[in-house]
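What follows is one structure encoded as structure tokens, with my remarks underneath.
Predicted model, so just to flag it, every value in this text is computed and none were measured.
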Amino acid sequence: SRSVASLRNRNLKEFSLQLLLSISIEPRSYINMTKLDVSHNELSTLPGLASLSNLEILCIRRNWFNQLPSDIGKLTQLKVIDASRNFLKPNNDSLRLDELKLLQHLTVLDVSLNQKCRTTEHRQHIKHTLLPLKIDVSVTIWQEMSNVKHGNCIGSSAAQRNPNLLRSQIEPWGTVNLRRILVRDFGQEPTDPKLVDRAGVMKMLLRGYQKEELLLLQSSSMDDHLNNNDGCIDDDDTIKEDDDLNMGMAHRRTIKIDGTLVREELLDEILVELRDWRGNNKRGGSSNNRERPSIKAECYMILCAPTIASAPEDGKDNKSRREKRKLKKMEGNSKLWNLALQAMKEVDAEFATRCSEIAVTFGFAGSPHIDRQNASPFYGLALGNFTEGTGCVTVECSPRVVAEVNTKNRLGRVDGRYPHWVGNYDVNEERFSLIYYDTLSAYQPPGPAIFKMEDSC
């Protein structure tokens, strides 16, 4: 008989066929399984998948896949793949397009809400690569979703958001989280997604903040509109109210936290390296090098932890072009990497073993965002002659409280899976930053946002 297996929302971090026993599916029944649902977990691989040779529907929605499962090309009866809300990219390695072309019955490939699969060109590339198969490919066109005209989002990226506005600060939250905050923290009734879109939820939230005086309007209030219209509000007034709320200044409670001081002699060495790096095109410090364009910075470069690769048996260099670029970048910045990692070892030796990337930046400003691919909290270290107490890493630690983490000459630990940004500083002053990420280790549940917490957070 045909069978369906669901391991949905089980908080799974690893998958094995043994898990199917927990839902009463014996190995002898694998041949009859037509649908596997492992959605809403924290999986990145599906070992043993090839054993489910008659699978027709595979749902891996809301997981941590940066590649489709290996052996997917062996599931010759597969018709539908739902891989939405993961970390897939529109290329052959990530989507295993060569293997998908072998699946003659495949009709649906859903890679919507994968942030790297985000343009009409990406959708066309995937469909064209899979020809002659005629496959319905679902891709979320982020530009359309974030259209300011519809009020769903402000700014097409974090770089375009004013960090002093409350809406900008909470914009990084997904709509589901905004709905949850509205109910849990502001006592509102749950909203129906079919009736109230993101713009409507955001408007209700901002009104809640305004009522508690956590949002301050910069211009005329609704009272002015009421006075001007004899108590009546027309469509133009409603639009004006929305604009006023969107431009409302954040007035949430702010707590101040100091990071851990880094040894002065080491700071001096790092700063010498950073000043040499800035403007040095060969080292990646050119103002034209913005490896993360969604962030507002004069320069943003990412160094990846070096890996010890074994020599290939055939003696040939089988590294990809991307790997070669990473190695070349590290060659020019190995001293900077070693100094930066030494600072981390002296503050948190355990995290130093997990650090997979260090972002090197100059002029990083504002940019409220969430780091969705982090496996755990990050560390930030800022250097330069900018004024003490400014340019802090600011993070939301609850809907009504934000924390300013002073990272000047200090390593501050922050969970970047909460909205965070760089606080105000004089942009004419010098501010470098090193941001230490862990993206490869076992996933840690988010929270708390900061790590010298007060009870009120």
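- We find the CG-CG distance between Leu182 and Leu205 to be 4.5 Å, quoted to the nearest 0.5 Å.
- Tyr418 and Val395 get closest at one heavy-atom pair: CB-CG2, 4.0 Å.
- A donor and an acceptor atom, one from each side chain of Arg61 and Ser84, are located under 3.5 Å apart.
- Remark: the Thr439 side chain and the Ser356 side chain contain an N/O donor-acceptor pair separated by less than 3.5 Å.
- Checked by atom type, the side-chain pair Arg167/Asn246 shows a donor-acceptor distance below 3.5 Å.
- Looking at residues two or more places apart in sequence or on another chain, you find a side chain to side chain donor-acceptor pair (under 3.5 Å) between Thr191 and Arg179.
- Residues Lys194 and Asp192 are not paired through a salt bridge, judged by the lack of any N-O separation under 4.0 Å between the basic side chain and the carboxylate.
- Counting only N and O atoms by type, the side chains of Thr387 and Glu429 include a donor and acceptor under 3.5 Å apart.
- If you take CG on Leu166 and CG on Leu216, they are separated by 9.5 Å, rounding to the nearest 0.5 Å.
- Between the side chains of Trp173 and Glu396, at least one donor N or O sits under 3.5 Å from an acceptor N or O.
- Taking the charged nitrogens against the carboxylate oxygens, Lys326 and Glu357 have no contact shorter than 4.0 Å, which rules out a salt bridge.
- Tyr379 and Asp348 share a donor-acceptor pair across their side chains, judged by distance under 3.5 Å alone.
- Between Arg354 and Ser376, the side chains place a donor N or O and an acceptor N or O closer than 3.5 Å (distance only, hydrogens not considered).
- Interatomic distance, CZ of Arg290 versus CD of Glu298, reported as 10.0 Å (0.5 Å rounding).
- With sequence neighbours left out, the side chain to side chain donor-acceptor pair (under 3.5 Å) criterion links Glu121 to Thr119.
- If you take CG on Leu68 and CG on Asn86, they are separated by 8.5 Å, rounding to the nearest 0.5 Å.
- Once rounded to the nearest 0.5 Å, the distance linking OG of Ser367 with NZ of Lys296 reads 7.5 Å.
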From CA spacing to verdict: salt bridge (Lys or Arg N to Asp or Glu O under 4.0 Å), Glu171, Arg198 | CA-CA 10 Å; Glu171 193 71 72; Arg198 178 183 175 89; 2.7 Å; yes
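- Looking only at side-chain heavy atoms (C-beta outward), Leu46 and Leu58 come within less than 4.5 Å of each other.
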Would you check, one step at a time, whether the test salt bridge (Lys or Arg N to Asp or Glu O under 4.0 Å) holds for Arg96 with Asp71?
-> CA-CA 10 Å; Arg96 301 187 187 275; Asp71 292 336; over 6 Å; no
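- Scanning all heavy atoms of the two residues, the minimum distance from Ala158 to Pro368 falls at CB-O, 3.2 Å.
- Contact check on Lys329 versus Glu291 returns a salt bridge, with a Lys/Arg side-chain nitrogen under 4.0 Å from an Asp/Glu carboxylate oxygen.
- Arg161 and Ser168 share no side-chain donor-acceptor pair at under 3.5 Å.
- A donor and an acceptor atom, one from each side chain of Asn164 and Asn424, are located under 3.5 Å apart.
- For Ser29 and Asn32, the side-chain atoms include no donor-acceptor pair closer than 3.5 Å.
- Between Asp110 and Arg85 there is no salt bridge, since no side-chain N of the basic residue sits under 4.0 Å from a carboxylate O of the acidic one.
- With 3.5 Å as the limit, one finds a donor-acceptor pair spanning the side chains of Thr361 and Ser433.
- The OG atom of Ser398 lies 8.5 Å from the CD1 atom of Ile255; values are rounded to the nearest 0.5 Å.
- For His251, the NE2 atom counts as loosely surrounded, since its 6.0 Å shell holds 12 or fewer non-hydrogen atoms of other residues, nucleotides or ligands.
- Ionic pairing of Arg400 and Glu212 is present here: one or more N-O contacts between side-chain nitrogen and carboxylate oxygen are shorter than 4.0 angstrom.
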Checking side-chain contact (heavy atoms from CB on, under 4.5 Å) for the pair Ile81/Leu106: CA distance, chi angles, key distance, verdict?
-> CA-CA 8 Å; Ile81 301 172; Leu106 188 64; 3.9 Å; yes
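- No side-chain donor from either of Asn11 and His40 sits under 3.5 Å from a side-chain acceptor of the other.
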